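For clarity, every value in this text was computed on a predicted model and none was experimentally measured. Per chain, numbering begins at 1; letters A, B, ... match sequence-line order.
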There are 2 protein chains.
Amino acid sequence: MADGPTNSSGENLLFLTDEQLRKGIEAMFFAYRGFTADPDRILDEHGYGRAHHRALHFINRTYGTTVNNLLLVLGVTKQSLNRVLRTLIEDGLVESRIGKTDRRERNLYLTEAGAALERALSEAQRERMRAAYRAAGPQAVAGFRQVLEAMMDDEIRRQYNTLRERRT
Amino acid sequence: MADGPTNSSGENLLFLTDEQLRKGIEAMFFAYRGFTADPDRILDEHGYGRAHHRALHFINRTYGTTVNNLLLVLGVTKQSLNRVLRTLIEDGLVESRIGKTDRRERNLYLTEAGAALERALSEAQRERMRAAYRAAGPQAVAGFRQVLEAMMDDEIRRQYNTLRERRT
DNA sequence: CTTGGAATGTCAACAAGGCTGACATAAAAT
DNA sequence: ATTTTATGTCAGCCTTGTTGACATTCCAAG
């Protein structure tokens, strides 16, 4: 099952052929397609795209976040994010309130309808993730997370690690 | 390290909270960004996008593949693929030969220049994958691959499994 | 053999969502 | 008080997805 010989501590003896790495690359590509497939279907019914999903997800996660905050996490330009936000606000899924301390900022919140769509999307995605986790087992899940974390860019990993438990 | 209690065989006792699953979802999102970051930079210098990378990758992998074959793997429409292929052919990175047995088909090959770019792209991507694998260790890598496979759609998993070793 | 359908690939036009540039407004600094 | 900086919005471009229309080639039914 392991991809090469190891010593007792399981470190430093990974012999990785280009072919093994290539296989990993393709696994990542194909798995990501599966990962987005279910929410994509739901989004399509509502006339939205993946960009809307990402926005809903992170607004839900960090209640009252600002536009600036959001685009740091999403890694897109504010102009690009703005288009998506505008439609979500117009459609009544997101509420944008002028900042209390800094009136340049806009604090973002999901409305009831926004929260409902977010729930539907993330439930579909969680369902697939849950099934994959169940099929692979807890040890595999731990390894999965370790490799993914190691694959992130450094600043992003910090972002990722500052997630804290939240109630919906 | 495990995500929940397990019995001796490590199966069937995964208690997955929504928060744990949400963390996995975000890990996937952020890791995929890292995964594509290095090739994206190279592509940008050449005026290409991710679509070109995918085409180069799979043409390299399955030498002489047809357009039809390719778009099944890539999961896009032939019209979309065609635009990308056309530029690659015009730029002399890909050669398109009329099929020998079926003259409707086009067999696709990388030229020397195309192979060189593919090598540069995949080397950058492999380097990140290699670093992540090294950091996480062989057991984690095995788990990573298991979860990714479980996350794919069924037909895609078949595609993925029919990969065979190839020399560049 | 011919003819009608199915398969393969190309061309055209449209939509989503990236991008940069220009700008209004608010805050901060000089 | 005025300049500089930060946040967010509006306009327009480009890549890459989409569907529709079509030419070519193959194959099967008559």
Side-chain angles (χ1 to χ4, degrees), chain A residues 29 32-33 36-37 39-59 64-91 94-109, chain B residues 29 32-33 36-37 39-59 64-91 94-109:
Chain A
F29 171 65
Y32 198 78
R33 277 229 309 253
T36 55
D40 280 354
R41 267 187 288 277
I42 297 173
L43 288 160
D44 207 55
E45 295 166 11
H46 295 250
Y48 294 130
R50 240 174 249 181
H52 300 86
H53 183 187
R54 293 195 282 266
L56 290 172
H57 175 102
F58 285 105
I59 293 173
T65 187
T66 64
V67 173
N68 209 16
N69 240 320
L70 202 50
L71 56 90
L72 287 176
V73 177
L74 293 174
V76 299
T77 59
K78 57 184 175 175
Q79 296 89 332
S80 179
L81 175 58
N82 184 260
R83 189 193 300 110
V84 170
L85 277 182
R86 198 187 331 167
T87 70
L88 290 174
I89 292 167
E90 282 170 3
D91 296 354
V94 168
E95 198 188 332
S96 162
R97 296 188 210 141
I98 292 178
K100 272 208 138 55
T101 60
D102 187 335
R103 292 172 45 79
R104 290 172 303 182
E105 294 182 343
R106 300 287 179 273
N107 294 111
L108 303 170
Y109 306 88
Chain B
F29 171 63
Y32 198 79
R33 277 230 309 254
T36 55
D40 280 354
R41 268 187 288 275
I42 298 174
L43 288 160
D44 207 54
E45 295 166 12
H46 295 252
Y48 294 130
R50 236 174 253 181
H52 299 87
H53 183 187
R54 293 195 281 265
L56 290 172
H57 175 103
F58 284 106
I59 293 172
T65 187
T66 64
V67 173
N68 209 16
N69 241 318
L70 202 50
L71 57 89
L72 287 176
V73 177
L74 292 174
V76 298
T77 59
K78 57 185 176 175
Q79 296 90 330
S80 180
L81 176 57
N82 184 261
R83 188 193 302 111
V84 169
L85 277 181
R86 199 188 330 168
T87 71
L88 290 174
I89 291 167
E90 281 169 5
D91 296 352
V94 168
E95 200 189 330
S96 163
R97 296 187 211 141
I98 292 178
K100 271 208 138 54
T101 58
D102 188 334
R103 294 173 43 80
R104 289 172 304 181
E105 294 181 344
R106 300 288 179 273
N107 294 110
L108 302 169
Y109 306 88

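- Here D:dC10 presents its C1' atom at 13 Å from CD of A:E90, a figure rounded to the nearest Å.
- For A:S80 and C:dG17, the shortest distance from a side-chain N or O to OP1 or OP2 is not below 4.0 Å.
- The separation between A:R50 atom CZ and C:dA16 atom C1' is 12 Å, rounded to whole Å.
- Residue side chain B:Q79 does not reach the base of D:dG17 through any donor-acceptor N/O pair under 3.5 Å, judged by distance alone.
- Between B:Y32 and A:Y32, the ring planes are parallel. Angles under 30° get that label, and only those over 60° would be called perpendicular.
- Rounding to whole angstrom units, CG of residue A:L71 and P of D:dA6 are separated by 14 Å.
- Comparing atom distances between the B:H52 side chain and each of D:dG20, D:dT16, D:dC10 picks out D:dT16 as nearest.
- Judged by atom type and distance alone, A:R83 reaches the base of C:dG18 through a side-chain donor-acceptor pair under 3.5 Å.
- Not counting sequence neighbours, the partners of B:H57 by the side chain to side chain donor-acceptor pair (under 3.5 Å) test are A:E26.
- Here the P atom of nucleotide C:dG18 and the CG atom of B:L43 are 18 Å apart, to the nearest Å.
- Here A:R97 pairs with A:E95 under the salt bridge (charged side-chain N to carboxylate O under 4.0 Å, His left out) rule; sequence neighbours left out.
- In this entry the distance linking CG of B:L88 with P of C:dG9 reads 16 Å, nearest Å.
- In this structure, the nucleotide among D:dT18, D:dG17, C:dT8 sitting nearest to the side chain of B:K78 is C:dT8.
- Between A:N82 and D:dG8, a side-chain N or O to OP1/OP2 separation shorter than 4.0 Å is absent.
- Dashed line: the shortest gap from a side-chain N or O of A:R86 to OP1 or OP2 of D:dC10 is under 4.0 Å.
- Note: CG (B:L81) to P (D:dT15) measures 17 Å, nearest angstrom.
- Legend: residues meeting side chain to side chain donor-acceptor pair (under 3.5 Å) with B:N82, ordered by chain and number and at least two apart, are absent.
- The closest side-chain heavy-atom distance from A:E90 to A:R86 is below 4.5 Å.
- Within a heavy-atom distance below 4.0 Å of DNA chain C, the residues of residues 95-106 of chain B found are B:R104, B:E105, B:R106.
- Taking atom CZ of residue B:R33 and atom P of nucleotide C:dG18, one finds them 11 Å apart after rounding to whole Å.
- Between B:T77 and D:dG17, a side-chain N or O to OP1/OP2 separation shorter than 4.0 Å is absent.
- At whole-Å resolution of the value, CG in A:L85 and P in C:dA16 are 16 Å apart.
- Residue pairs satisfying the side-chain hydrogen bond (donor to acceptor under 3.5 Å, both in side chains) criterion with at least one member in residues 68-78 of chain B, sequence neighbours excluded, are absent.
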Which donor-acceptor pairs under 3.5 Å do side chains of residues 40-50 of chain B form with protein atoms, sequence neighbours excluded?
from  : atom 1 : to    : atom 2 : distance (Å)
B:D40 : OD1    : B:R50 : NE     : 3.3
B:D40 : OD2    : B:R50 : NE     : 3.3
B:D40 : OD2    : B:R50 : NH2    : 2.8
B:R41 : NH2    : B:D38 : OD1    : 2.5
B:Y48 : OH     : B:D91 : OD2    : 2.4
B:R50 : NH2    : B:T36 : OG1    : 3.2

